[in-house]
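All residue numbers refer to positions in the sequence shown, counting from 1.
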Amino acid sequence: MKIWVDADACPIVIKEILFKAAKRTGVQLTLVANQHINTPRADNISMLRVSAGFDVADNEIVKQVETGDLVITSDIPLAAEVIEKGGLALSSRGEMYSPDSIKAKLNMRDFMDTMRSSGVHTGGPPPLNQSDRQAFANHLDRLLTQHVKSQ
């Protein structure tokens with residue numbers, strides 16, 4: 001299992017949780033972004049910088065991800081593509097996407113896009129809170145524990 005992070009939009013506190021987990025378990029962690037992101041010095045933690053542009057980082061993640069890899073993203077279309085390729089997708093709020101839930105999320109995303117394009121102000125997501133961080137850390141820990149046991 002490798003962990004890929006859609007790092008341009010990933011909150012710093014989530015990256016810190018990922019860095020600690022990668023150091024503890026030795027799992028390969030790669031942050032993908034169109035700008036430089038500082039990472040701790042470790043053989044299993046890297047940063048892949050891609051050119052700027054719409055979905056360039058997402059496309060690189062989809063290209064690289066393999067069955068069983070974990071992708072950290074709140075981007076619903078990216079999560080759908082990852083799941084389609086046999087990967088796992090976890091949001092920075094700790095929500096594990098599944099083949100069933102991703103379809104509903106894509107439909108809701110499309111509906112909200114339609115609302116916004118017709119002039120309705122929908123607001124954004126609430127700020128990341130402590131329970132979101134805890135849910136993320138718990139899901140990540142469960143996934144990494146399962147991975148270690150399966151080796």
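- Here the side chains of Ser46 and Gln28 are in contact, with some heavy-atom distance below 4.5 Å.
- In this structure, Leu88 and Gly68 approach most closely via the heavy-atom pair CD1-O, 4.3 Å.
- Rounding to the nearest 0.5 Å gives a distance of 9.0 Å between CG of Leu90 and CD1 of Ile3.
- One hydrophobic cluster, built from ILVMFWY side chains closer than 4.5 Å, cannot hold both Phe19 and Val71; they sit in different ones.
- Cluster annotation: Ile72 is not connected to Leu78 through the hydrophobic network of ILVMFWY side chains, with a link wherever side-chain heavy atoms come within less than 4.5 Å.
- Across all their heavy atoms, Ala21 and Leu144 have their closest contact at CB-CD1, 3.7 Å.
- Within a 6.0 Å radius of CG in Asn129, other residues, nucleotides and ligands contribute more than 12 heavy atoms.
- No more than 12 heavy atoms of other residues, nucleotides or ligands lie within 6.0 Å of CD in Glu84, so this atom counts as exposed by the packing criterion.
- When side chains are defined from C-beta on, Phe136 counts as touching Leu18, because their heavy atoms get closer than 4.5 Å.
- Every residue was checked against the side chain to side chain donor-acceptor pair (under 3.5 Å) condition with Glu81, not counting sequence neighbours, and none meets it.
- Residue Lys2 places its NZ atom among 12 or fewer non-hydrogen atoms of other residues, nucleotides or ligands, all under 6.0 Å distant.
- Note that CD1 of Ile83 and OG of Ser101 are 6.0 Å apart. Values are rounded to the nearest 0.5 Å.
- Residues passing the salt bridge (charged side-chain N to carboxylate O under 4.0 Å, His left out) test with Arg133, sequence neighbours excluded: none.
- The backbone N or O of Asn34 sits less than 3.5 Å from a side-chain atom of Asp8, completing a donor-acceptor pair.
- With a 4.5 Å cut-off on side-chain heavy atoms, His147 and Leu70 do not count as touching.
- Here the CZ-CG distance, from Arg142 to Leu140, works out to 10.0 Å after rounding to the nearest 0.5 Å.
- Side-chain contact between Lys23 and Ile45 is present, with heavy atoms from C-beta onward closer than 4.5 Å.
- In this structure, Leu143 CG and Met1 CE are separated by 5.5 Å, a value rounded to the nearest 0.5 Å.
- Taking 4.5 Å as the limit, every side-chain heavy atom of Lys20 sits out of range of all side-chain heavy atoms of Arg24.
- In terms of heavy-atom proximity, Ser92 sits nearest to Leu128 at O-CD1, 3.7 Å.
- Leu31 contributes atom CG, which lies 10.5 Å from atom NE2 of His36 (distance to the nearest 0.5 angstrom).
- Note on Val62: it does not cluster hydrophobically with Ile76, by side-chain heavy-atom contacts below 4.5 Å among ILVMFWY residues.
- Asn38 has its side chain out of reach of Met47: every pair of non-hydrogen atoms, C-beta onward, lies at least 4.5 Å apart.
- Residues Ile14 and Val5 form no side-chain contact, since every pair of their non-hydrogen atoms from C-beta on lies 4.5 Å or further apart.
- What you find for Tyr97 and Ser91 is that their closest heavy atoms are OH-CB, 3.3 Å.
- The shortest non-hydrogen separation linking Lys85 to Lys63 is NZ-O, 3.7 Å.
- Taking OG1 from Thr30 and CG from Asn44, the interatomic distance works out to 9.0 Å, rounded to the nearest 0.5 Å.
- A side chain to side chain contact (heavy atoms under 4.5 Å, CB included) with Thr73 is found for one member of Asp6, Ile61, Asp58 and no other, namely Asp6.
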